[in-house]
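Per chain, numbering begins at 1; letters A, B, ... match sequence-line order.
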Number of protein chains: 2
Amino acid sequence: MASRAKATILDIAREAGVSKSTVSLVLQGSGLIRPETAVKVRKAIEDVGYVYNRGAANLRKAHSNVIGMVINDLTNPFFAELAVGMERVFQAAGVVPFIANTAENPVRQEEVLKSLLEQGVAGLIVSPARGTVPGAFRRIETAGVPIVFAMRRLPDSRIPVITPDNHRGAVLATEHLIRKGHRRLAFFGGSSDLVVYHERLGGFLEACERLGIPAADRLIVEGETSRKGGMACLETALAAGEPPTAALCFNDAVAFGVMLALRRRNLEAGADFAVVGFDDVAEAEHYSPALTSVAVDTAGLGERAAHVMLKMIQSRTTRAEDHIGAVTLVVRESSGPDRGQQVGDAA
Amino acid sequence: MASRAKATILDIAREAGVSKSTVSLVLQGSGLIRPETAVKVRKAIEDVGYVYNRGAANLRKAHSNVIGMVINDLTNPFFAELAVGMERVFQAAGVVPFIANTAENPVRQEEVLKSLLEQGVAGLIVSPARGTVPGAFRRIETAGVPIVFAMRRLPDSRIPVITPDNHRGAVLATEHLIRKGHRRLAFFGGSSDLVVYHERLGGFLEACERLGIPAADRLIVEGETSRKGGMACLETALAAGEPPTAALCFNDAVAFGVMLALRRRNLEAGADFAVVGFDDVAEAEHYSPALTSVAVDTAGLGERAAHVMLKMIQSRTTRAEDHIGAVTLVVRESSGPDRGQQVGDAA
DNA sequence: AACGATGATTAGAACGTTCCAATAAAATTT
DNA sequence: AAATTTTATTGGAACGTTCTAATCATCGTT
């Protein structure tokens, strides 16, 4: 059994008694060949255990059928959801997405992009790793390979971006907290080397400004975008002179961390301290208390990104419109019961 | 700017005033070429914005440098952790892993495998989707491409498997519960079309048997391997005549679901009902109460799988030893305080 | 000064496909 | 029955690499 030298299109041709050209035509489902011939060829293909060599084909064909998805942190379910959305669209288009993980490491990202490029991908969807240098994608752009950013963007670049409306989401969430009667607010987690951070923080600050929360009553704590980071943020905040009574978190992971830290202190999210997350991952709904969060339609953004990519490939362009996805605030338990305009917020 | 027809090795040769062979040699870092020549060539490569065409190269080279990782559910952090472990060792070996998601869908899996194969992968690491038909990998085997299963196995197949010691893990966990004084035990979640399920359930039953828990006091509830599934399991169990006081869950996701359902009923995991998970995902430690779980060293298994794969590729064989990873029980809060041999277990 | 070594470089034949142009066969028109 | 169109099939030249064998310098040796 096994590999007596990989079968090629010529082996099939011999087996079926036709020319290699005919086999090739059958392979691409051309309508030119006579049905009986096609059947004969297909049988031969089956018999010799042939596997198509896309590398060889791509040598002649203009475009390959694989696109690369470069994700900065696969262990974050958020990105996994994004990936799932894209896969749906690509599958329907007969395109195969290969996922590569950069683990938030720019060097690794470099390697991964190089490999994908060498493999001859038709396009690239990237959520750039933190600390990506501005010029990192110059190479790819000059190679003429279409590329879009998803969820994250780079400060300068003219590469099209698919992202949720971070600013608006933060405004929505902050207004919600203020309307609940909170007067001392915190923004937890994230770090300023991410563009997203500035967008979300910006929305938070704008809402505070507009609804009359003075700068002195806003607390901003940077931190890791993880459960652990969230826990640390809460500790820092509670240690402050006049601690906040509510927090908007950079993302859901941070929010979960904050809730855990609260429970450790025998405080209840919602009742004793309001917390709102961002992204609305699947888990938010099932947590206890259920997490109020800004829903960004992750899978939808994934689909959008995939569509944009397909269009770029099809029209062989490297330019496309940005796409800012609508967001909605999903109010659940963690931001407190709806007791209208309350005032008491003593520590 | 952009693609005035992709640069090739010949363009470089022209630019540098050498032959294509020389360029090729430089590309593979051969020691044969004179250093000054190499420098000249490398400069030319930079100048023309060349990108290596691996497809063309693979036409001549025996082996490609990409291996495929086929994962059945990317949104489960457990598999993401597995992937991360593999990536570590592959990266070190200069091999690029491409990840593809099957979303637990055998048809999708078929497509994904086909694509990977056509792409000319050097090997395949697969966690087979549920419902995979026995013959699904025949094709790959006869193609002579090395393949190993990770975490899951197929009933019949002779493909090497890397998996934790599911049986022993279940025994450990069950013994722990019984030693805590529980006399009516449940096994929650999972479905019998998975080999893993039988292994884990088998361990549970064996421990019950050995430590004298009669069959009448064991409750087995199949269910989805997700939070939701876990919640459903608990409801079913509590509705029973003589409900159990402790449960071993098929995996951590199920365990989290059980804990959530408990909280909904104002019961506390650990105090009112003991729950033990399986896999020990990162989250288990941070949950509240922290989840007692069987640690399987996920990343370690990933590394192991990667190593086995590399060895198979290197020795051009398609056979390898199975590898059963050691497991340990990590006792935390959810299985209850350590109050020794207690007896009271009235509903 | 002629000879082998040794070191660098290169021409040219693969590799497995696609696709154009050419051919052959069958069907249709004159 | 010849000429034309249509329908199927095919040869052969790409595509961008690698690799073997050959060529060409350079350098010691005798």
- Query: Base, sugar-phosphate, or nothing for T8(A), non-hydrogen atoms under 4.0 angstrom?
  - Reply: sugar-phosphate
Rounded to whole Å, CG of N58(A) lies from C1' of dC19(C) at a distance of 15 Å
field: Parallel, tilted or perpendicular: ring planes of F137(B) versus F149(B), cut at 30 and 60 degrees
entry: perpendicular
To the nearest angstrom, the NZ-P distance between K20(B) and dA8(C) comes to 20 Å
Practice prompt. Would you mind checking if R158(B) and E321(B) are paired as a salt bridge, meaning a charged N to carboxylate O distance below 4.0 Å?
Written response: no
Is the count of non-hydrogen atoms from other residues, nucleotides or ligands lying under 6.0 Å from K40(A) atom NZ greater than 12? yes
Note: chain B reaches DNA chain D at heavy-atom distances under 4.0 Å over the stretch, first to last nt, 5' to 3', of dG16(D) to dC19(D)
Residue pair A56(B)/G17(B) against DNA chain C: nearer the 5' end by closest nucleotide is G17(B)
Only residue of V26(A), L27(A), T37(A), D47(A) satisfying side-chain contact (heavy atoms from CB on, under 4.5 Å) with R42(A) is V26(A)
>> Please determine whether any donor N or O and acceptor N or O are separated by less than 3.5 Å between the side chain of S19(B) and the base of dA11(C).
In response: no
Computed from five pairs at either end and rounded to 10 degrees, the angle between the axes of the helix from dA1(C)-dT30(D) to dT30(C)-dA1(D) is 60°
- Is the shortest side-chain N to carboxylate O distance from K114(A) to E118(A) below 4.0 Å? yes
State, with a plain yes or no, whether a side-chain heavy atom of M86(B) is found less than 4.5 Å away from one of P97(B). no
To the nearest angstrom, the CG-P distance between L25(B) and dA11(C) comes to 13 Å
Looking at dT18(C), I'd like to know if its phosphate oxygens (OP1 or OP2) sit under 4.0 Å from a side-chain N or O belonging to S24(A). yes
- Side chains of T132(B) and Q109(B): does their closest heavy-atom pair fall under 4.5 Å? yes
Looking only at heavy atoms, the pair that brings P106(A) and G131(A) closest together is CG-O, 3.7 Å
>> Quick one, N53(B) with L59(A), criterion side-chain contact (heavy atoms from CB on, under 4.5 Å). Give me CA distance, side-chain angles, the key distance, then yes/no.
In response: CA-CA 9 Å; N53(B) 185 334; L59(A) 224 42; 3.8 Å; yes
Note: contacts of residues 26-40 of chain B with DNA chain C (heavy atom, under 4.0 Å) are L32(B), I33(B), R34(B), T37(B)
Given side-chain contact (heavy atoms from CB on, under 4.5 Å), test V145(B) with L116(B) step by step and report yes or no. CA-CA 11 Å; V145(B) 174; L116(B) 253 4; over 6 Å; no
* Asked: Just checking, is any N or O donor in the side chain of S21(B) or S24(B) under 3.5 Å from an acceptor N or O on the other one?
  -> no
